[in-house]
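As structure tokens, the structure follows; a few thoughts come after it.
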Amino acid sequence: MINIEIDGKQIQTENGSTVIEAAHQAGIAIPHFCYHKKLSIAANCRMCLVQVEKAPKPLPACATPVSEGMKVFTHSEQAVKAQKGVMEFLLVNHPLDCPICDQGGECMLQDMSVGYGQGHSRYHEEKRMVLAKDIGPLVAAEEMARCINCTRCVRFGQEIAGQMELGQAFRGEHAEIMSFVSGTVESELSGNMIDLCPVGALTSKPFRYKARSWELSRRRSVSAHDSLGSGLAVQTKNNRVLRVLPLENDEINECWLSDRDRFAYEGLNSEQRLTKPMIKQGGQWQEVDWQAALEFCANGLRQIANGAGAEQIGALATGNSTLEEMYLLQKLLRGIGSDNVDFRLRQSDFSADGKQQGAPWLGMSIADIGRADRILIVGSFLRKDHPLLAARIRQAVKQGAQINVIHATDDDLLMKVAHKAIVAPNAMVETLAQVAKDAASKHSNGIAGSLASGERVAVLLGNFAQQHPQAAQLQALAQQIANVTNGKFGFIGDSANGVGGYLVNAIPAGKGLNAAAMLAAPRKAYVLLNVEPELDCADAQQAIAAMQAADLVIAMSAYKHGATEYADVLLPIAPFTETSGTFISSEGRVQSFNGSVKPLGEARPAWKVLRVLGNLLKVDGFGYETTQAVRDEALNGVDVAARLNNAVSGIETGAAAVNGLQRVADVPIYATDAIVRRAVSLQATKDAMQPKAWLHSKELSKLGVAAGVQVKVAQGQGSALLEVAIDDGLPEGVVRVAAGHPATATLGAMFGTITVERA
């Protein structure tokens with residue numbers, strides 16, 4: 001540690017830290033624009049000039065390393081004169097936009113100019129003009145004349161997002177920030193540039209001119225779109241969510257937010273929102289009151305339970321439902337005598353059920369992944385499935401960590417990959433088995449050699465591996481590799497409350513059917529919680545067929561969706577911003593939140609709907625007053641940490657035989673759940689474009705088809721017309737076709753054989 005003095009205050013700080021870091025640590029404010037604790041030092045705004053004893057001139061606090069005995073003065077006459085001089089230069093060309101600027105009330109330049117600006121300007125020349133730029137549907141760069149060239153946005157792209165999409169061109173007074181190559185910003189983390197911009201140059205396109213910062217109410221919440229549990233500050237006005245910002249937490253999302261978490265709120269205000277209960281009568285939808293709708297549901301379920309038997313009733317939920325909703329759903333089903341309840345909708349292999357020792361989880365904390373020095377990621381579209389986890393791993397790679405990948409596609413992770421094995425889905429078990437064998441032999445190179453040379457090893461299974469038809473075998477082998485390398489093994493969960501679903505037993509027990517079995521052998525009745533079966537299930541074709549074959553389908557949803565074709569009753573429930581509840585993230589972190597706005601129209605929180613259904617069906621123990629009461633009962637006697645366990649035993653491994661082209665199905669980043677699918681701005685991005693059929697160029701030449709033409713992709717009983725495209729990062733023998741999208745909802749399972757022919 002080094003001893004220094006700042007403004008007469010004795011401070012101890014680490015060797016290698018800078019004056020600004022030491023000052024912040026001691027609670028001493030130094031004005032700055034270009035400095036940011038998560039970015040590299042640029043030292044180009046000069047606002048942080050301070051006086052250092054024996055130095056001939058003021059020095060930038062952000063770029064001046066501390067030394068033993070150093071004396072710093074942040075508010076001396078010399079320092080303040082320098083800071084005021086810099087402020088005067090910054091305001092020379094700054095437009096007088098404050099009354100109409102979207103950043104008003106949150107602008108660092110506005111705040112600093114009060115303390116360091118003059119009451120008048122000595123300059124009378126015309127201010128320079130910088131033209132507006134269109135950099136995509138999320139980030140607005142309409143007023144680039146406001147830019148003070150701090151380069152925070154440029155450094156964020158290079159250092160955190162991993163791709164330099166903005167850069168600084170020209171010199172002197174002609175210098176300006178602009179996009180290049182693609183002309184737009186397409187990173188899945190681009191919205192963080194808005195937070196980083198200290199002036200109003202980069203603003204939120206969806207939020208522009210919607211409200212002033214002081215008009216907004218703020219509520220804490222938790223992200224419902226992936227398994228990380230990122231903290232959200234939900235900002236509302238007139239009972240509408242108008243903006244979402246990150247809540248800083250270094251253990252989870254640091255100070256960042258993915259674009260999916262940031263802009264998905266637009267889906268909450270969608271025109272497709274379901275606001276009144278509806279019943280289908282004579283093929284026509286009728287709006288009814290809640291009493292009639294709930295009695296219809298209760299009578300229908302009672303008749304089927306008494307007639308065909310309770311085992312003919314099945315319940316499906318998404319993993320983005322709250323802990324309380326899942327707990328009450330399984331309690332209701334079991335109360336009427338059925339064990340058919342599941343939330344693992346995209347899973348196709350359930351052979352680990354009964355052999356799994358606890359709830360599958362990340363196997364370590366999120367922060368631990370950033371500290372690992374050797375990482376093996378099996379079957380993950382990492383950047384798109386978990387953007388913030390990818391950013392954390394990117395930082396670890398910069399610190400010397402080695403990342404290894406086994407997957408069916410060679411997507412650019414925007415970081416250096418030490419070793420990778422890109423193989424067809426049916427070869428993944430064999431490939432992982434070879435790595436396990438090599439790791440055990442100790443005489444290894446490649447992936448096994450990389451893992452063997454590490455001290456802190458992490459082996460992670462992604463969404464693709466968990467949805468794989470041999471998921472249990474991949475799990476057993478990954479566990480074996482982690483044991484041999486003294487590493488940690490975990491699942492990067494695919495939903496906000498996947499761990500919670502296991503902890504409250506929203507999975508079948510005894511003779512109960514899992515999600516796949518419930519759809520393969522259709523039930524007489526289905527209760528759907530937040531589910532759009534045609535987009536949320538592993539086999540869309542099978543899911544629709546099961547729904548159409550049922551006598552009663554109760555759809556509890558925030559939206560009117562495909563259920564209007566096959567459901568008998570639609571119950572409008574509140575999305576996560578309109579109800580209180582709890583999510584348990586993939587690292588086992590229990591986070592409860594309150595509603596940010598009141599439910600829209602006649603929508604009701606799903607836990608209340610389930611409570612009334614339980615009472616109407618005369619199931620004991622449905623007298624809850626609050627979500628806290630439900631949560632306390634659900635977790636009563638549950639030691640969350642003790643229940644988290646990835647160990648699995650008794651799994652046989654073997655190769656899978658496949659004839660013909662194999663399907664590789666990703667769920668696009670902006671098609672993962674009902675809210676995201678309705679966020680207009682996210683649906684205008686490149687990532688939300690119409691799916692294509694991607695093949696290796698050799699496969700295209702075998703088919704005699706050129707890239708860009710329409711092809712007929714067929715699977716099971718259905719087909720889709722898609723544009724064909726080349727991706728030589730795919731292995732031969734596969735075709736990549738996205739799932740979870742209306743254009744491909746007519747196709748079958750996410751894995752399996754698929755045919756492609758000229759349309």
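Here, residue 1 is the first one in the sequence, and each next residue gets the next number.
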Under 6.0 Å between the ring centres of [X] and [Y]?
X: F381; Y: H407; answer: yes
X: W361; Y: Y502; answer: no
X: Y566; Y: Y526; answer: no

List the steps and the verdict of side-chain hydrogen bond (donor to acceptor under 3.5 Å, both in side chains) for H225 and D673.
CA-CA 7 Å; H225 309 298; D673 63 73; 2.9 Å; yes
Taking [X] for its side chain and [Y] for its backbone only, find out whether a donor-acceptor pair lies under 3.5 Å.
X: N497; Y: S321; answer: yes
X: R260; Y: V676; answer: no
X: Q466; Y: Q347; answer: no
X: E186; Y: D687; answer: no
X: Q479; Y: L474; answer: no
X: N320; Y: A496; answer: yes
X: S230; Y: L257; answer: no
X: N340; Y: L513; answer: yes
X: R273; Y: N269; answer: no
X: Y559; Y: G267; answer: yes

Over all atoms of both residues, closest heavy-atom pair of [X] and [Y]:
X: H741; Y: A688; value: NE2-O, 4.4 Å
X: V435; Y: I447; value: CG1-CG2, 3.9 Å
X: M750; Y: V667; value: CE-CG2, 3.9 Å
X: L682; Y: D259; value: CD2-O, 3.8 Å
X: R758; Y: V705; value: NH2-CA, 4.0 Å

R344 NZ/CZ over F350 ring centroid, <6.0 Å and within 45° of normal:
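No cation-pi geometry.
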Using a strict threshold of under 4.0 Å (side-chain N to carboxylate O), is an ion pair present between [Y] and [X]?
X: D410; Y: K420; answer: yes
X: E188; Y: K384; answer: yes
X: R677; Y: E532; answer: yes
X: R736; Y: D666; answer: yes

Validation: residues 710-726 side-chain donor-acceptor distances under 3.5 Å, sequence neighbours left out:
from: Q715; atom 1: OE1; to: R663; atom 2: NH1; distance (Å): 3.0
from: Q715; atom 1: OE1; to: G748; atom 2: N; distance (Å): 3.1
from: Q715; atom 1: NE2; to: A749; atom 2: O; distance (Å): 2.7

K437 atom NZ, over 12 foreign heavy atoms within 6.0 Å:
no
Yes or no on salt bridge (Lys or Arg N to Asp or Glu O under 4.0 Å) for D536 and R346, after CA distance, side-chain angles and deciding distance?
CA-CA 7 Å; D536 290 329; R346 292 195 175 111; 3.5 Å; yes
For residues 539-567, which residue pairs pass the salt bridge (charged side-chain N to carboxylate O under 4.0 Å, His left out) check, not counting sequence neighbours?
none
Any side-chain heavy-atom pair from L345 and T318 closer than 4.5 angstrom?
yes
Hey, does E165 have a side-chain heavy atom less than 4.5 Å from the side chain of S187?
yes
Ring pair (Phe, Tyr, Trp, His ring centres under 6.0 Å), that's the test. Do Y670 and F263 meet it? Break it down for me.
CA-CA 10 Å; Y670 302 137; F263 297 109; 9.1 Å; no
